[in-house]
Amino acid sequence: VHSFPKAIYQKILSYRNSVTNEDAIPRKTQPDVPNDDVLQELSVKIHEYEDAESTELNVDQEVIPIPVLDFAGQTVYHATHQTFITSHGIYIITFNGSKELDAPLSDREDERKTILENIRQWVSSILLYSHPDNKDYPKLMFVATHKDLVCQQDVSNKRAQLLNTLSACFTDENIQSHIMLQHLFFVNALNENDPEMEELRECISTTITENPQWGQKVPKQFLILEMMFAALVEEGKIIIPLEDAEKMNSTTGVKPLSTTELGLFLGVQNICGKMTYIDYPQLRNYISIVTSVPIIASLHQGRLTKSDLTNIWSSGKFSHFLQHEEYFRQLLVHYDILSEVRRYDRESGKKIYVDRYLVPCMITTQNTTTFVEKHLTSGKCISFAFEFIAADVPDAIPCRLIASILSIWNVKSYENVDLLFSGFVAVVLDRKHDLVVKTEHNTVAVYIVHKDRKELIIKDLASCVIEVLEQNLAKISEVYSLSFTSDNITQRYVPFHVKLKSGCLSPNCLLDAEDVNSIETYWVCDDHRYITPKSELEIWYTDRTFNKQTIFCISNVHVGILDAVLSMLLNDSQLLRICNSLTKEEVRSLAFNLGVSNTKLDAIDIDSIPMNKFYSLRVCREKNKSCNDFVKAMEAAEINRHAMCQILRQEEVETDLPDKILNLPPSDEMFDKLCLRIGKEWMVLGLELGIEIERLEQIEYDNPKVLREVSRQMLYCWRNREDNSTIRELLHALERSGRNPHLITETLENCESFPKLIPVD
């Protein structure tokens, strides 16, 4: 009955009248409702709503606009589904009720999925990120169609048969609390007068009003802005610059939202699927109203060039995309639909522009090579798996994980075939190690394959892989779990567990990662009695720190130099070195004796222990505390004053790299490979490289929760300084930050731009 902006406009008028009647706004310097001029301007945009025909509802009736989304069922769109699934939605799963549920989903000869399997996959996809404690919503209804193809006298029996099959399929209590199987709607969608269509409408209306979100109060500014955006949509606008939204916010006729509140409004609209707003550096300047971006639905090989996209968007139907072509490209990359291909110049190591993307969600071809049989063996592999709680993992999850992997490593070629298939990818980690990711039942299995034997797998490489992939999957999950936040649930729900695989590599022989410590020497799997040494399981969580240090004592320094040292203010890297030699409790005691209150120390909320200690002492430096002040505070806290010797620490790093290499600036290729091995303590390395903490914090803000990207940007920030940055300086900083400096040699050996370092087999 109503257009979307008209429905919201009616809500605003209702609010305005109620406030006016209550005389609630005298003496306010900022109006509480839009003035008449603003309302008049808005009403023109929606075709003079106040003069609309009498078929419209009265102003005093409560209207809540409900957006309805139709999910595209084709495989190519599966990667987008999770973006529009929310915790407060009501979902209607339709299927052909004239067929048996074990019948093929379509008439295609290569169709492998049955109707029931498709239904199960939809249920899993909708409920995947729903917290087990959230028993009520989202709600799922089932509607069987094609009733006209069933004899009228058989409809009742057919309905009962379908209902029994569905009930037998979903026996889990958590699932049963969400699905509505009290009645199965069986409709003829070609008949407008089918009585069950009206029953379905009534059921949807009742279920909507029972939703906890029904009647929830929101700031009045949200309503006005939502109506203004909706009016723009009706005018055909598909993308709005953020600065235009900020202008709209300031001209609503009421007190404008703050920057934080406007971000919250846009975030809510994004979660509800009404618009797309991503608070990331390359995306946060625009608000997109489109809900699908056209690509090519027939690229089964999963390859796409930038020219292909431009050609598609040049057609009359999609020409408006060209105005913001780069934004939409970045949006597809953000959602891991497109994965950029990385190439480097063999001589300089600089990145080379590549006019090609990989599109894993489009790939339908299966792996028919012999790679798995020949190389995924117990003698060459170690493996772990992400095990999902849902019985069926939605296609989007492994596709997005594979796309994120392809943005880091290059696809492996085997017998002149790129190992990229539906639910499967193999990439090259370095000269001797490959990484394989493949879907197995309700798990995504990860394998590291050594060229010769698994005992030679580099330990910290394995720990880097699990750290990067676990973070990538958590980041993918976060996009979806944002839509499943609830007042009674304090922690975001991630629907998978990390399981370590037995050396037999069977999909069923899995061990909880938390149980490794309880194993004494080896683990014997139940099914095959395969013996897996504890050391093979622990390799995934290898400590990557390197403790070799050369320390010069302050007591041995010349008196004149000592006076200068004691009077100086410590820089960030020197503070960090002191922190590394003290426990968290010692740092707190030291800070307290330097005049920092316990309240201020308690307010430092950082998970990383090294950075928590650093920020505790940095407060002291801001109070202009000298090195001498630190020495006195250590004595008062009964801390060995020789901890101050760390500020004069020098390193004698043993390396086989020649000076010719050490004096070179690091290349793009080197950074892209090294950033994967730095890990969570990237800030520590950044401080040792002399980067200001404020710049590191900005890098973290611009690249939230993307560990490899913050490490990469930190390295580029260091190299781009005016002074000449060298590999030698990076080598010493790695050692000072507690990392094995041999990591530089390992990285260079796997860069094509350093061919003289590559060992000959």
Side-chain angles (χ1 to χ4, degrees), residues 112 300-303 339 341 358 360 363-387 393 398-399 401-403 405-406 408-459 461-466 468-469 499-511 523-525 527-533 535-537 539-540 673 676 746 749-750 752 758-761:
R112 300 181 180 182
H300 302 308
Q301 300 301 318
R303 271 69 173 175
S339 183
V341 176
L358 298 174
I363 299 174
T364 58
T365 54
Q366 301 295 315
N367 182 11
T368 58
T369 70
T370 59
F371 178 81
V372 172
E373 291 76 12
K374 290 186 176 180
H375 296 279
L376 259 62
T377 63
S378 296
K380 292 185 176 182
C381 289
I382 59 173
S383 177
F384 73 92
F386 297 111
E387 184 179 61
V393 181
C399 282
L401 183 62
I402 287 173
I405 289 170
L406 292 172
I408 305 173
W409 296 288
N410 291 329
V411 178
K412 181 178 179 64
S413 180
Y414 177 74
E415 297 178 348
N416 297 319
V417 176
D418 285 347
L419 296 179
L420 176 59
F421 306 99
S422 177
F424 180 97
V425 69
V427 295
V428 179
L429 294 179
D430 58 31
R431 294 175 53 257
K432 293 184 178 294
H433 299 82
D434 297 324
L435 176 69
V436 176
V437 175
K438 61 194 292 275
T439 55
E440 298 174 349
H441 306 303
N442 67 326
T443 67
V444 177
V446 180
Y447 301 83
I448 291 183
V449 188
H450 192 273
K451 181 180 178 181
D452 299 316
R453 45 192 294 224
K454 64 182 179 183
E455 289 80 8
L456 300 178
I457 291 175
I458 297 175
K459 292 183 177 181
L461 178 63
S463 60
C464 283
V465 165
I466 196 170
V468 168
L469 297 192
K499 300 288 186 76
L500 304 185
K501 277 198 171 190
S502 163
C504 67
L505 303 182
S506 169
N508 301 319
C509 298
L510 302 173
L511 178 74
W523 167 45
V524 181
C525 66
D527 292 348
H528 308 93
R529 310 307 298 170
Y530 190 96
I531 299 175
T532 305
S535 58
E536 184 176 318
L537 301 171
I539 192 173
W540 296 109
K673 293 182 182 299
L676 300 166
E746 291 178 8
E749 286 178 351
N750 289 289
E752 294 183 359
I758 299 177
V760 179
D761 289 333

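Side-chain atoms are counted along with the backbone in the values below, which use heavy atoms only and exclude waters and symmetry mates.
- In this structure, Leu406 and Leu420 have side chains that are in contact, with non-hydrogen atoms separated by less than 4.5 Å.
- The aromatic rings of Phe386 and Phe384 stand perpendicular to each other, their planes meeting at an angle above 60°, with 30° marking the opposite boundary.
- In this structure, CD1 in Ile539 is found 11.0 Å from CD1 in Ile466, a value given to the nearest 0.5 Å.
- Looking only at side-chain heavy atoms (C-beta outward), Ser378 and Tyr530 come within less than 4.5 Å of each other.
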**Message:** Does Asp430 form a side-chain contact (heavy atoms from CB on, under 4.5 Å) with Leu461? I'd like the steps, not just the answer.
**Reply:** CA-CA 10 Å; Asp430 58 31; Leu461 178 63; 3.8 Å; yes
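- Judged by distance alone, the side chain of Ser383 and the main-chain N or O of Val446 form a donor-acceptor pair under 3.5 Å.
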**Prompt:** What's the verdict on side-chain contact (heavy atoms from CB on, under 4.5 Å) for Lys499 and Thr443, showing C-alpha distance, side-chain angles and the deciding distance?
**Reply:** CA-CA 9 Å; Lys499 300 288 186 76; Thr443 67; over 6 Å; no
**Asked** Yes or no on side-chain contact (heavy atoms from CB on, under 4.5 Å) for Ile382 and Trp540, after CA distance, side-chain angles and deciding distance?
**Response** CA-CA 9 Å; Ile382 59 173; Trp540 296 109; 3.5 Å; yes
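- Side-chain atoms of Thr532 never come within 3.5 Å of backbone atoms of Ser502 as a donor-acceptor pair (strictly under, hydrogens ignored).
- In this structure, the separation between SG on Cys464 and CG on Leu469 is 10.5 Å, given to the nearest 0.5 Å.
- Side-chain contact between Gln366 and Ser422 is present, with at least one heavy-atom pair separated by less than 4.5 Å.
- Note that OG1 of Thr377 and NZ of Lys454 are 8.5 Å apart. Values are rounded to the nearest 0.5 Å.
- When every heavy atom of Ile408 is checked against every heavy atom of Val468, the shortest pair comes out as CD1-CG1, 3.8 Å.
- Of the residues Lys432, Glu536, His433, Lys380, the one that meets the side-chain contact (heavy atoms from CB on, under 4.5 Å) test with Ile457 is His433.
- Here the CG-CG distance, from Leu510 to Leu500, works out to 8.5 Å after rounding to the nearest 0.5 Å.
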**Request:** Under the side-chain contact (heavy atoms from CB on, under 4.5 Å) rule, what do Phe424 and Val372 come out as? Steps first, then yes or no, please.
**Result:** CA-CA 10 Å; Phe424 180 97; Val372 172; 3.7 Å; yes
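- Lys501 approaches Trp523 most closely through the heavy-atom pair C-CZ3, 3.9 Å.
- Here the CD1-CD1 distance, from Ile458 to Ile448, works out to 10.0 Å after rounding to the nearest 0.5 Å.
- Closest of all the heavy-atom pairs between Glu455 and Gly379 is OE1-O, 4.5 Å.
- Scanning all heavy atoms of the two residues, the minimum distance from Tyr414 to Leu419 falls at CB-CD1, 3.7 Å.
- Counting only N and O atoms by type, the side chains of Tyr447 and Lys438 include no donor and acceptor under 3.5 Å apart.
- Interatomic distance, CG of Leu435 versus NZ of Lys412, reported as 11.5 Å (0.5 Å rounding).
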